[in-house]
Amino acid sequence: MTRLATGGRIDRSESLRFSFDGRDLTGHPGDTLASALLANGVRLVGRSFKYHRPRGIWGFGVEEPNALVELRGGARQEPNTRATTAELFEGLRAQSQNRWPSLRFDLRAVNGLFGPLLSAGFYYKTFMWPAAFWEKVYEPLIRRAAGLGRAATAPDPDHYERMHAHCDVLVIGAGPTGLAAALAAARGGARVIVADEDFAPGGRLLAERQEIDGGPAADWAARIWAELGAMPDVTLLPRTTVFGVFDQGSYGAVQRLSDHLPETAPGQPRQRGWTIVAKRAVLAAGALERPIAFSGNDRPGVMSAAAARGYVNRYAVLPGRRAVVFTSGDDGWRSAADLLAAGAQVTVVEARDGVAPAVAASAAQARHVFGARVAGTGGRLGLSDVRLANGETIAADLLAVAGGWNPTLHLAGHHGARPRWDETLHAFLPDTAPPGMIVAGAAMGRMTLAACLADGAAAGRQAAEETGHAAPPLDLPQAQDEPSALRPLFHVPGRTKAFVDFQHDVTAADIELAAREGYRSVEHAKRYTTLGMATDQGRTANVVGLAILAVATGRGIAETGTTLFRPPYTPVTIGALAGHQTGRDFRPTRRTPLHDWAARHGASFVETGPWLRAQWYARPGEAGWRDSVDREAQAVRADAGFCDVSTLGKIEVVGPDAAALLDLAYANDIASLKPGRIRYGIMLREDGFVFDDGTCARLEQDRFLLTTTTANAARVLQHLEYVHQVLRPELRLVMLSVTDAWAQIALAGPRARDVLAGLVTETDVSNTAFPHMSCMSASLVGGIAARLYRLSFSGELGYEIGVAPDHAPVLADLLLAAGATPYGTEALGVLRIEKGHAGGGELNGQTTAGDLGLGRMLSRRKDFIGRVMAQRPALVDPSRPVLVGLRGAATLRTGAHLLEPGAAATTENDLGHVTAACWSPHLGGMIGLGLLSGGQARIGTRIRVYDPLRGGDAEAEVVSPVFIDPEGQRSRG
Amino acid sequence: MGDFSAVLREVRGLGQVALHGPNDLLPGLPDRPGWAALPGGTAIWTAPGVWLWLGEEPLVPPSHRTELHGARCILELTGDGAAELLATLLPIDLHPRTFPEGAAAATLAAHVPLLVWRVAGGFRLACASSYAQSFTQSLVEAGRGRGLVWTGA
């Protein structure tokens with residue numbers, strides 16, 4: 001055990017049992033998996049990606065590239081979890097990954113022997129030939145050999161939630177900078193949200209022995225957190241990562257609500273995905289320590305120096321008793337001092353030739369070696385000795401490496417800005433930030449405590465004032481600025497592998513090779529070597545990698561530049577983005593007022609856009625859906641049937657200028673329509689193609705009711721609003737969607753008038769009083785107010801009856817009692833194909849009015865939308881495919897291609913396709929509609945119907961698209 | 001996010017009419033996103049010159065009204081947890097300073113077009129009746145673990 005007897009921010013009064021690779025271990029509340037593993041003396045945690053080298057814990061938090069484990073198991077198995085951020089809980093089960101057969105003995109480690117072969121660009125060079133092998137052979141092979149953890153294969157049993165929040169100031173990070181910023185803004189009265197990745201507030205303060213206001217800095221953090229939490233307009237989000245900066249001041253964040261619990265509590269979400277809209281954001285994400293590339297720098301026991309002292313101070317874990325601190329800056333000396341204070345034996349290997357006396361005195365009990373470099377390490381599965389460039393070997397079980405700090409500026413770059421290299425701080429700093437974002441503290445290169453507090457307070461105050469709050473200056477807490485001199489050291493050249501990107505096994509030699517092979521641009525070198533492309537996105541690797549690239553290409557770091565940062569900052573579970581909207585809840589469903597009635601009468605439903613529509617009504621004894629559909633269609637042709645058409649879009653256009661607007665929107669004449677009459681109309685798009693069709697009823701002089709297809713209801717209203725608001729704003733009218741205000745039932749068949757006559761009271765529905773294409777208000781039995789429309793989609797004598805939604809089931813019952821047969825969308829489809837009416841397959845956005853046989857509807861007397869463009873040569877080309885009927889083939893399927901009989905099935909010979917097909921019970925065979933090139937002239941000839949996708953090949957006769965009652969007598973009678 | 005409660009109920013029996021015309025069509029009509037209690041009913045601004053009227057027959061000429069009978073499902077969500085529950089679905093800011101009593105907004109929730117307005121103790125919501133079942137289900141789902149009571153109609 002390496003747990004210290006005292007200190008740390010863990011609860012020693014309680015023990016938590018957990019297991020790693022089946023070994024039972026214990027830790028305490030407040031531990032991460034990483035600190036608990038270290039406390040149990042576990043140093044070997046994983047195997048590397050490519051070479052399967054043994055790896056331990058490098059970091060302290062989100063930057064961890066090595067200690068990736070699989071958490072939990074079964075459906076909740078979670079691969080590639082950083083042990084450094086996984087909060088310990090009772091019963092936690094973790095497995096190492098990417099090793100076989102075991103972590104200590106991994107056969108694939110032989111990859112390491114082939115290191116020279118597996119260098120940069122290995123895949124590109126090796127798997128070039130044959131090209132066809134890539135997808136089927138090479139890629140699966142590579143994925144099996146490399147890869148990381150295994151994802152769960154069962155569906156996720158957990159539940160996720162979305163949340164929207166709005167604030168004046170979003171503070172990202174609850175370290176000293178973030179807390180000072182939040183306090184300054186909140187005391188000024190701003191609405192503040194503070195998000196922090198950690199489960200405890202304080203950021204680096206938890207990992208340091210520093211003092212604020214004369215007490216432990218971590219206590220100050222807890223105090224401020226509590227003060228913030230008590231303020232009404234402050235929302236604190238611990239365990240929350242802000243992962244992306246999007247447009248208009250919106251930020252994506254994910255809150256881990258239950259990841260620290262053995263299992264999600266019933267009814268509670270596992271994670272919550274936040275969309276935060278913030279007028280200002282303070283990015284106080286701190287900084288991460290970077291490694292130094294030297295031979296053998298990946299051996300378990302080699303650790304970030306800041307992490308090493310963090311384990312001591314926060315978790316009371318001493319990661320090594322014989323420690324070597326390899327540093328090129330003052331910060332490494334703080335790690336030396338803290339390791340000494342915890343009882344370790346320490347050697348400081350300082351790359352510089354000397355340091356300030358106060359710095360040296362801070363670790364006086366350590367052995368100091370100046371002007372030195374670590375050139376190698378020894379040990380099989382863990383560090384046993386450190387070799388210096390001067391030939392000295394030091395026995396050690398911990399090598400703490402301090403290579404300087406990289407500001408965590410990722411979010412500042414999410415709008416595409418590239419950071420600039422600061423020659424004084426030896427770090428990249430944000431140059432510009434997204435609108436509304438202020439970068440503060442260590443993320444802005446302020447690497448000392450007092451400076452961070454002051455910078456945070458100033459940023460918080462600025463943000464509050466810019467959002468209209470008079471924030472008083474904050475009384476700054478008392479703190480010191482620690483020594484922070486640095487002479488950057490990125491690479492110690494050596495003979496064996498010096499790792500830059502631990503997670504992707506990219507070495508300094510790989511980067512140098514890439515530069516030699518011409519990949520001088522940082523973006524090319526990244527892709528060639530895969531530097532920074534692992535799940536840690538190069539958080540530790542990138543700056544070291546491009547410093548090496550800079551040397552190899554003879555340029556400075558500033559000139560070499562860096563790659564772009566893109567969201568997400570850390571991996572995000574898709575569930576957190578989806579929230580509740582999965583499975584059936586993926587999108588909402590619309591139900592008609594007759595939905596329950598239809599379900600009671602045996603309806604099967606079909607999705608039509610968001611709507612559920614009755615597809616057919618099965619009756620006892622019917623063997624399959626075709627029986628039901630045939631019966632329903634025949635009932636309409638021979639007797640009377642009724643169909644729920646409430647889903648058709650219904651728009652009322654009201655006002656003195658309503659007719660003028662509709663005349664512009666419809667291609668045919670509307671203004672001449674008399675009150676009480678209905679006209680079938682088509683609308684074109686600006687480009688001259690058909691947009692939608694429907695009916696237009698003039699209810700009163702200044703009031704029209706339009707119907708649209710179910711699919712286009714919203715688009716038609718949007719289009720009409722555009723026409724009104726943009727093209728003709730002077731017209732006095734209003735448009736209202738009344739789709740939900742009217743349950744609409746189509747009644748059709750030779751007996752339809754008799755049925756209707758039995759429903760209405762004191763209303764004459766005779767042919768003279770209520771002719772084809774007219775409309776009126778009426779009262780139905782029981783006093784139900786209705787609107788009656790005489791029109792027909794089926795080709796039979798037909799009406800539509802509109803009533804208030806609540807009355808729809810009563811009306812349906814009355815129709816049923818009158819002997820009418822309910823029919824669904826399948827029968828509706830049969831009836832319309834038999835009549836050759838255009839439907840979804842024909843109104844496909846690629847057809848003109850002429851193609852559909854509606855060319856004569858285009859008015860020559862007025863202007864209308866699409867008029868000019870519809871005259872383009874290609875749109876009036878006589879060889880365009882036009883609507884025809886097809887019959888005589890045993891099978892006809894929508895989508896089948898039409899070819900000259902005997903012609904080869906090539907694209908050049910393609911003459912069109914089948915747009916709709918059905919079994920016609922009235923004609924006793926398959927019939928179809930199609931768009932056929934030169935179709936009018938081909939009527940009476942035969943055509944090949946070729947369906948390679950489903951194996952169909954037959955001949956059909958080309959006929960008129962109107963199969964039934966071509967003169968249209970039935971609907972007028 | 002603790003154990004607070006919210007109550008969801010459907011408000012039935014209110015007449016529904018769209019009013020359209022000038023802002024002085026009725027005295028007291030709001031001329032911007034918002035709502036007003038007027039004699040005989042409530043007017044909610046839905047677009048320039050258009051209001052959703054809930055209540056008794058409004059006293060306006062026939063050319064300035066369009067029947068909506070039952071086109072909207074009206075829900076009421078009250079209780080301390082109402083705003084947070086809605087925040088899981090609605091993208092708009094419901095803070096009492098930005099969305100006080102008298103405020104109304106047309107927005108989207110779970111892909112459903114929605115009209116929302118603040119009333120004493122909570123919110124009223126109006127969605128197309130055809131979406132009612134789906135949207136109510138979304139609210140009930142959002143209320144899981146939040147102590148939501150759904151009283152139905």
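Predicted model, so just to flag it, every value in this text is computed and none were measured.
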Handout entry: Proximal component of A:D806, with respect to chain B [non-hydrogen, under 4.5 Å]
Key = side chain
Handout entry: Part of B:A142 within contact of chain A (heavy atom distance under 4.5 Å)
Key = both
Practice task
With the side chain counted from C-beta on, respond yes when A:L594 and A:I745 share a heavy-atom pair under 4.5 Å apart, and no when they do not.
Solution key: yes
Exercise for the section: Indicate yes or no: at least one non-hydrogen side-chain atom of A:Y789 is less than 4.5 angstrom from one of A:T707. Expected result: no
Handout entry: Interface moiety of B:H69 toward chain A, non-hydrogen atoms closer than 4.5 Å
Key = both
Completion exercise
Turns out that what part of B:S63 lies under 4.5 Å from chain A's heavy atoms comes down to backbone
Completion exercise
Note: vs chain B, highest number of non-hydrogen pairs under 4.5 angstrom among A:R584, A:R703, A:R732 is A:R703
Exercise for the section: Tell me yes or no: between the side chains of B:R144 and A:H580, is some donor less than 3.5 Å from an acceptor? Expected result: no
Problem - Winner by heavy-atom pair count (cut-off under 4.5 Å) against chain A, out of B:A128, B:G143, B:A18, B:P91 - result: B:P91
Fill in the blank from the handout: Note: vs chain A, highest number of non-hydrogen pairs under 4.5 angstrom among B:I92, B:V50, B:T46, B:L94 is B:I92
Handout entry: Selection from B:R65, B:H64, B:Q137 maximising heavy-atom pairs under 4.5 Å formed with chain A
Key = B:R65
Fill in the blank from the handout: Counting heavy-atom pairs under 4.5 angstrom with chain B, the leader among A:E652, A:R191, A:R587, A:E700 is A:R191
Problem - Separation of A:I193 CD1 from A:T235 OG1 (nearest 0.5 Å) - result: 5.0 Å
Exercise for the section: Compute whether any side-chain donor of one residue and acceptor of the other, for B:S130 and A:R590, lie under 3.5 angstrom apart. Expected result: yes
Practice task
Verify the distance criterion only: is there a donor paired with an acceptor across the side chains of B:Q16 and B:R72 at less than 3.5 Å?
Solution key: no
Practice task
For the pair A:R613 and A:T647, evaluate side chain to side chain donor-acceptor pair (under 3.5 Å) and give the outcome as yes or no after the intermediate values.
Solution key: CA-CA 8 Å; A:R613 300 189 70 179; A:T647 61; 3.3 Å; yes
Handout entry: Engaged part of B:P62 at the chain A interface, taking heavy atoms whose separation is under 4.5 Å
Key = backbone
Practice task
Using non-hydrogen atoms and a 4.5 Å limit, figure out which bit of A:R162 sits close to chain B: side chain, backbone, both or neither.
Solution key: both
Exercise for the section: Could you tell me which portion of B:T98 (side chain, backbone, both or neither) has an atom closer than 4.5 angstrom to a non-hydrogen atom of chain A? Expected result: side chain
Practice task
Please flag which part of A:P610 lies under 4.5 Å from any non-hydrogen atom of chain B: side chain, backbone, both or neither.
Solution key: side chain
Exercise for the section: Would you mind listing every side-chain hydrogen bond (donor to acceptor under 3.5 Å, both in side chains) that reaches into residues 22-39 of chain B, with sequence neighbours excluded? Expected result: none
Problem - B:L86 versus chain A, the contacting section by heavy-atom distance below 4.5 Å - result: neither
Fill in the blank from the handout: Okay, B:A110 and chain A: the region with an atom under 4.5 Å from a heavy atom over there is both
Exercise for the section: Answer yes or no: does atom CD of A:Q248 have more than 12 heavy-atom neighbours from other residues, nucleotides or ligands under 6.0 Å? Expected result: no
Problem - Which atoms of A:T589 approach chain B - backbone, side chain, both or neither, heavy atom under 4.5 Å - result: both
Problem - Steps toward side chain to side chain donor-acceptor pair (under 3.5 Å) verdict (B:T66, B:H20) - result: CA-CA 8 Å; B:T66 295; B:H20 34 87; 2.7 Å; yes
